[in-house]
Amino acid sequence: MTNSEIAKLLSSVASAYAIIDDKKHRFQILAYQKASDAIEHESKELKELYKERRLEELPGIGSSIKSHLEELFTTGKVAHFDQVLDKIPSPVFTLLDVPGFGPKKAYKLVTEFNLKNPETVIKDLVEIANKNKIATLQGFGEKSQSDILQSFKEYGLGKTKTARMVLPYANDLATKIIDYLYASKDVKAASTLGSLRRKKSTVGDIDIAAASKNPKAVLDHFASYPHTDRVIEKGTRTASIITSSNKQIDLMVEDPEGFGALLQHFTGSKEHNVRLREIALSKGYSLSDYGIKKKSDPNSKIKLFKTEEELYKFLGMQWIPPEMRENAGEIELALKNNLPRLIELKDIKGDFHLHSSYPVEPSHDMGINTMDDMIKKALSLNYKYLGFSEHNPSISKHTEQQTASVLEKRNKYITQLREKYKNIIHIFSLMETDILPNGNLALKDKSLKFLDATIVSVHSSFNMNRNDMTKRVLKGLSHPKAKILAHPTGRLINKRPGYELNWDEIFDFCAKNNKAIEINSWPQRLDLPDSLVRLATQKAVKLFINTDSHASTQMDLMEYGVSVARRGWATKDDILNSFEYNTLKSWFEK
DNA sequence: GCCGTTTTCGGCCCGACTGTTTTCAGTCG
């Protein structure tokens with residue numbers, strides 16, 4: 001079972017308890033939901049943790065849930081869960097995946113209409129609603145009936161609670177909305193919130209905060225955003241719209257005096273906030289999105305915060321960069337004034353994964369801009385160096401000798417460019433070389449000698465098992481010219497999960513043998529993923545942040561790779577392309 | 001059911017919004 005399947009199981013148990021008796025089971029519900037969240041967000045496979053006897057290290061998993069999980073891994077089921085879940089008709093759990101449905105509503109409808117089939121429950125309810133039979137139920141009405149139909153319609157379109165967009169797409173959309181908000185004179189400040197502000201690789205809804213003395217005007221302005229399909233809700237403080245591209249945007253408005261607390265609260269993560277509230281409580285304060293109150297006196301005046309910095313300081317800690325707010329140890333470090341200084345975009349001095357249009361007759365796609373164009377773009381980004389890394393010439397269409405002469409010619413051209421840009425920018429001659437299924441590189445030594453070094457990567461036979469793939473990659477990386485492993489998991493977000501590798505082995509090998517791992521900034525890749533960046537830096541593995549650009553304009557994507565690095569707590573010391581040229585040059589030569 | 005720099009017992013984050021209600025329940029983040 002995968003982590004998300006197990007998380008869903010625990011969440012189902014919580015829902016079942018909520019239906020059976022939400023007063024009596026109030027705290028079990030909280031506990032199961034908390035355990036479910038922890039598992040959902042855990043980057044290591046739960047089964048691995050179980051084998052290592054480390055299940056109780058997860059927050060929210062104590063002796064009881066731990067023993068249930070052990071039963072799950074040994075027998076494939078849990079008697080206690082079955083006993084609880086059996087009390088609830090199974091169609092209820094189908095409905096829980098639909099936005100707007102919680103345990104109570106789902107249970108009420110399923111039992112009221114005696115629905116039996118989890119496969120057809122949505123279709124059945126649509127028919128029932130079309131006969132106007134939901135609106136007449138106690139606690140329901142015309143509006144809730146049509147809301148239910150709307151939810152089913154969107155669910156059918158694939159807008160589940162878990163459908164997510166890639167970070168750069170979400171960021172572009174949010175930027176447009178924020179620009180639109182600033183067109184209102186009532187908006188004093190606006191910022192992204194939530195997973196978007198924390199720069200997660202994928203984002204569900206887009207959440208935005210605005211500071212204003214006149215929330216009504218701002219909410220009205222927002223609700224009339226030109227590309228709006230419909231307004232979901234609009235209150236005195238928040239509003240939600242669905243754009244014509246079928247994305248949900250939530251806006252919260254707050255007085256500038258309290259904007260810091262709002263920003264902090266809605267940036268999350270939930271886990272970070274829960275931990276922060278625990279800290280506040282231990283100091284006798286109650287923390288909300290409005291600010292901080294004395295716990296002992298609920299009527300005391302609330303303390304407002306204009307900025308997040310003031311709020312964190314009030315709680316006795318450093319301001320924490322949004323990318324770190326996952327309750328992964330950052331709060332403890334901030335309390336000790338000991339947060340790492342994360343890598344920033346301005347620290348980046350070059351890009352090493354650039355596909356120019358130079359004709360090497362590759363097996364994969366070429367770039368569309370010349371080396372010269374890409375150098376000019378690099379200069380506009382204030383880079384001090386860069387590396388060209390087209391795909392290797394196709395091995396099926398060239399003899400070894402032909403390949404070598406293509407590279408020799410390319411090398412001469414790069415030498416001319418070096419002369420042209422002498423004292424302006426340093427140019428490395430690299431290539432992106434395939435690691436073949438047997439672990440050999442697609443380029444032989446007689447070609448590789450024309451390169452300063454090579455990036456290596458997997459572009460074929462993705463279905464190998466973890467052991468074989470690990471051997472393949474390690475063999476490819478062990479060539480002296482192979483210095484960087486590019487887009488290391490091979491994932492394409494929302495398309496394919498990527499192959500499996502033994503990361504402990506890969507990272508140990510890299511740290512020992514002076515090899516680097518790439519953080520690829522391409523929107524669908526963002527690969528190495530953040531959780532593995534954290535593991536790599538803990539093992540002192542050096543990293544590059546590259547764009548994998550096939551056009552000079554794509555070199556602007558660097559910021560997204562930097563986001564991934566920051567979420568993995570990487571500092572300047574971890575990122576080789578933030579180093580001075582001479583240090584970097586000697587690293588390549590080691 | 002989980003958890004511990006005031007606790008191994010007795011707490012458990014906080015609030016907005018909507019719809020169906022005359023004061024609240026359900027859902028969401």
Side-chain angles (χ1 to χ4, degrees), chain A residues 10 13-15 17-19 22-38 55-69 80-81 84 95-96 98-109 134-148 150-151 161 193-195 204-207 209 215 219 231-240 248 250-254 261-262 264-293 295-296 298 302 316 327 332 335:
Chain A
L10 293 186
V13 174
S15 300
Y17 271 133
I19 293 164
D22 65 342
K23 298 265 183 321
K24 182 175 160 197
H25 298 298
R26 193 162 145 222
F27 296 114
Q28 276 100 324
I29 295 166
L30 274 176
Y32 273 97
Q33 202 54 60
K34 190 176 177 193
S36 170
D37 288 344
L55 280 178
E56 62 266 67
E57 287 179 25
L58 280 184
I61 297 193
S63 61
S64 173
I65 292 183
K66 182 186 136 208
S67 78
H68 291 322
L69 290 176
H80 174 67
F81 292 175
V84 176
L95 291 178
L96 289 179
V98 182
F101 278 87
K104 299 293 178 63
K105 197 192 286 182
Y107 183 74
K108 169 116 187 178
L109 290 173
I134 292 180
T136 52
L137 281 184
Q138 176 71 25
F140 290 78
E142 289 290 340
K143 184 67 170 70
S144 53
Q145 179 171 268
S146 69
D147 285 350
I148 286 169
Q150 181 68 31
S151 292
K161 286 173 181 170
L193 299 169
S195 55
D205 295 338
I206 292 178
D207 300 322
L219 291 168
V231 178
I232 298 181
E233 48 106 324
K234 186 152 83 76
T236 56
R237 189 171 179 242
T238 73
S240 298
Q248 181 168 337
D250 300 336
L251 178 71
M252 343 249 154
V253 187
E254 180 59 63
L262 177 88
Q264 195 293 314
H265 177 83
F266 288 105
T267 295
S269 66
K270 191 174 154 198
E271 293 73 18
H272 176 89
N273 284 356
V274 167
R275 180 84 189 102
L276 212 58
R277 290 228 178 82
E278 286 170 7
I279 304 268
L281 276 177
S282 75
K283 295 173 188 277
Y285 296 112
S286 166
L287 172 61
S288 78
D289 46 329
Y290 291 106
I292 293 179
K293 277 191 289 204
K295 171 99 174 153
S296 52
I302 192 161
N327 192 28
E332 288 66 23
L335 282 166

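In what follows, every chain begins at residue 1, and chains take the letters A, B, ... in the order their sequences are listed. Predicted model, so just to flag it, every value in this text is computed and none were measured.
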What residues, two or more places apart in sequence or in another chain, satisfy salt bridge (Lys or Arg N to Asp or Glu O under 4.0 Å) together with [X]?
X      : answer
A:K270 : A:D37
A:E142 : none
A:R237 : A:E254, A:D289
A:K234 : A:D220

May I ask you to decide if A:D147's main-chain N or O and A:S151's side chain share a donor-acceptor pair within less than 3.5 Å?
yes
Considering only atom [atom1], compute the distance from [N] to [M] and round it to an integer number of Å.
N      : M      : atom1 : result
B:dT6  : B:dG11 : C1'   : 13 Å
B:dT8  : B:dC3  : C1'   : 9 Å
B:dA16 : B:dT21 : P     : 24 Å
B:dT23 : B:dC17 : C1'   : 16 Å
B:dG15 : B:dG10 : C1'   : 25 Å
B:dC9  : B:dC14 : C1'   : 25 Å
B:dT27 : B:dT20 : P     : 14 Å

Would you say A:T238 reaches B:dA16's phosphate, i.e. side-chain N/O to OP1/OP2 under 4.0 Å?
no
Which is true for A:S240 with a 4.0 Å heavy-atom rule: it touches a base, it touches only sugar-phosphate, or it touches nothing?
nothing
By the 4.0 Å heavy-atom rule, please label A:Q145 as base, sugar-phosphate, or nothing.
nothing
Closest to the A:H265 side chain: B:dG29, B:dT6, B:dC17?
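So the side chain of A:H265 is nearest to B:dG29.
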Nearest of B:dC17, B:dG19, B:dG29 to any side-chain atom of A:S144?
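In terms of side-chain proximity for A:S144, the closest of B:dC17, B:dG19, B:dG29 is B:dG19.
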Rounded to the nearest Å, what distance is computed from the [atom1] atom of residue [X] to the [atom2] atom of nucleotide [N]?
X      : N      : atom1 : atom2 : value
A:I232 : B:dT27 : CD1   : P     : 17 Å
A:E271 : B:dG29 : CD    : C1'   : 11 Å
A:I279 : B:dC12 : CD1   : C1'   : 16 Å
A:D147 : B:dC17 : CG    : P     : 17 Å
A:D207 : B:dC28 : CG    : P     : 15 Å
A:M252 : B:dG29 : CE    : P     : 9 Å
A:Q150 : B:dT18 : CD    : C1'   : 15 Å
A:Q248 : B:dC17 : CD    : C1'   : 13 Å

Sorted by chain and number, sequence neighbours left out, side-chain contact (heavy atoms from CB on, under 4.5 Å) with A:S144 holds for A:F140
Is B:dT22 syn or is it anti, if syn means the base angle is within 90 degrees of 0?
anti
From the list A:V274, A:L276, A:L281, side chain to side chain contact (heavy atoms under 4.5 Å, CB included) with A:E278 holds only for A:V274
Below 3.5 Å is the cut-off: list the nitrogen or oxygen pairs between protein and nucleotides 21-23 of chain B, distance only.
none

Using the side-chain hydrogen bond (donor to acceptor under 3.5 Å, both in side chains) criterion, which residues pair with A:S286? Sequence neighbours excluded.
none
Just to verify, what does A:Y17 make a side-chain hydrogen bond (donor to acceptor under 3.5 Å, both in side chains) with, not counting sequence neighbours?
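By the side-chain hydrogen bond (donor to acceptor under 3.5 Å, both in side chains) rule, A:Y17 matches A:H80.
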Quick one: which protein N/O atoms are closer than 3.5 Å to N/O atoms of nucleotides 24-26 of chain B? Pair and distance per line, please.
from: B:dG26; atom 1: OP2; to: A:K104; atom 2: NZ; distance (Å): 3.1

For B:dT8, the Watson-Crick or wobble counterpart (both distances under 3.5 Å)
none
Between A:D250 and A:T236, the residue closer to the 5' end of DNA chain B by nearest nucleotide is A:T236
Report the residue (A:F266 or A:L287) whose heavy-atom-nearest nucleotide on DNA chain B is the more 5′ of the two.
A:L287
Go through the structure and list residues passing ring-ring contact (aromatic ring centres under 6.0 Å, His included) with A:Y285, not counting sequence neighbours.
A:F314
With sequence neighbours left out, write down each residue that passes ring-ring contact (aromatic ring centres under 6.0 Å, His included) with A:H272, or none if nothing qualifies.
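With sequence neighbours excluded, A:H272 shows a ring-ring contact (aromatic ring centres under 6.0 Å, His included) to no residue whatsoever.
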Extract from the structure each pairing of a protein N or O with an N or O of nucleotides 1-5 of chain B at less than 3.5 Å, listing the distance.
from: B:dC2; atom 1: OP1; to: A:G62; atom 2: N; distance (Å): 2.7
from: B:dC2; atom 1: OP1; to: A:G62; atom 2: O; distance (Å): 3.3
from: B:dC2; atom 1: OP1; to: A:I65; atom 2: N; distance (Å): 3.0
from: B:dC2; atom 1: OP2; to: A:S64; atom 2: N; distance (Å): 3.2
from: B:dC3; atom 1: OP1; to: A:G60; atom 2: N; distance (Å): 2.8

How close do A:L335 and A:G316 get, heavy atom to heavy atom, and via which atoms?
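Closest heavy-atom pair between A:L335 and A:G316: CD2-O, 3.7 Å.
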Within a strict 4.5 Å, meaning less than it, do heavy atoms of the A:F266 and A:D250 side chains meet?
no
